[in-house]
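Some notes on the structure that comes next.
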Amino acid sequence: METLLSIIISCVSIGVILSAPMGPIGILCVQRTLNKGRESGFFTGVGASVSDLFYCLLTGLGMSIVTDWIEANQSILQIIGSVLLTVYAVYLICHNPVSRMKTPHDKKENYVQDALTGFFFTLSNPLIIFLIIPLFARFGFPLPEYRYYHILLGYLFIVVGALLWWAVITFFVNKVRTHFNIRSMWLINRIMGSIILALSLYGLITGVKVYFNF
């Protein structure tokens, strides 16, 4: 039960962290929520979540080939993953996501189209793998000792975490749509960046202690 709870918490965290940064897909989701309603924005996030799952599966399958090596080098991987996440967190805190935003010009479309555009928009950015790898290393997923149902549960809750984020952000934007300043997404970036920074620093310290037997 403790293992299952750990997997659920870790994988929900992975899903949220993958979805939370307000990059191009975040801006598209917010724009659609403001222009067409919460459902349109949420289904855009659903498509993005499916794309994230695809890249997570791709990364996980690739990592399973070298599970013995990962197990033997888990501490150093955690250190490297934490360093990469620290750099990413600093980027989030300092980067203004609105700087490249264009005026929305979406036509009225159904939710399937919203989801498909969210999927392909996210799929077009394979560099997300370089975020997934350190996240998997940081949260220890998947571990070699996991059974198949542990891994399936983990991937399920990665999607749950991503959908949870999109549900929360679209709910918030929809509620304050008449007062929402899209530049406040920069504030969201800074908050999420600070959370990721705290997690990565904790992982870095833990990994260093284990690696050097402190």
Measure from the ring center of F54 to the ring center of Y155 and say whether it is less than 6.0 Å.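 That pair fails the under 6.0 Å test.
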
Determine, step by step, whether T117 and R32 satisfy the side chain to side chain donor-acceptor pair (under 3.5 Å) criterion, reporting the C-alpha distance in whole Å, the side-chain angles of both residues, the deciding distance to 0.1 Å, and the verdict. CA-CA 12 Å; T117 53; R32 285 183 171 173; 2.7 Å; yes

To the closest 0.5 Å, what do you measure between [atom1] ([X]) and [atom2] ([Y])?
X: I8; Y: T3; atom1: CD1; atom2: OG1; value: 11.0 Å
X: L135; Y: S13; atom1: CG; atom2: OG; value: 9.5 Å
X: I79; Y: K209; atom1: CD1; atom2: NZ; value: 12.5 Å
X: S51; Y: L116; atom1: OG; atom2: CG; value: 11.5 Å

Please answer: with hydrophobic residues joined when any side-chain heavy atoms are less than 4.5 Å apart, are [X] and [Y] in the same cluster?
X: F43; Y: F120; answer: yes
X: V83; Y: I76; answer: yes
X: I205; Y: L197; answer: no
X: L58; Y: I158; answer: yes
X: L57; Y: F141; answer: yes

From CA spacing to verdict: side-chain contact (heavy atoms from CB on, under 4.5 Å), T44, Q113: CA-CA 8 Å; T44 300; Q113 290 174 318; over 6 Å; no

ring-ring contact (aromatic ring centres under 6.0 Å, His included) partners for F42, two or more places apart: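 So F42 forms no ring-ring contact (aromatic ring centres under 6.0 Å, His included) with any residue.
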
Partners passing side-chain contact (heavy atoms from CB on, under 4.5 Å) against I128 (at least two apart in sequence or in another chain):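 I128: side-chain contact (heavy atoms from CB on, under 4.5 Å) contacts with L18, D52, Y55, I132.
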
What side-chain donor-acceptor pairs closer than 3.5 Å can you find for residues 146-154, not counting sequence neighbours?
{"unit_1": "H150", "atom_1": "ND1", "unit_2": "R147", "atom_2": "N", "d": "3.0"}

From V12, L53, V50, L164, residue fulfilling side-chain contact (heavy atoms from CB on, under 4.5 Å) relative to V159: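 Answer to the side-chain contact (heavy atoms from CB on, under 4.5 Å) test with V159 among V12, L53, V50, L164: L53.
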
Would you check, one step at a time, whether the test side chain to side chain donor-acceptor pair (under 3.5 Å) holds for R38 with T33? CA-CA 5 Å; R38 182 187 178 193; T33 302; over 6 Å; no

Check step by step if side-chain contact (heavy atoms from CB on, under 4.5 Å) holds for V46 and W166. CA-CA 8 Å; V46 169; W166 293 121; over 6 Å; no

Which atom names give the shortest non-hydrogen contact between [X] and [Y], and what distance separates them?
X: S49; Y: A162; value: OG-CB, 3.4 Å
X: F136; Y: C56; value: CE2-O, 3.7 Å
X: Y111; Y: S40; value: CE2-N, 3.8 Å

Is it the case that the side chain of T170 and the backbone of A167 share a donor-acceptor pair, with hydrogens and angles ignored and the cut-off at 3.5 Å?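 Looks like yes, one N/O pair under 3.5 Å.
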
With a 4.5 Å cut-off on side-chain heavy atoms, are F139 and I17 touching?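 Yes, side chains in contact.
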
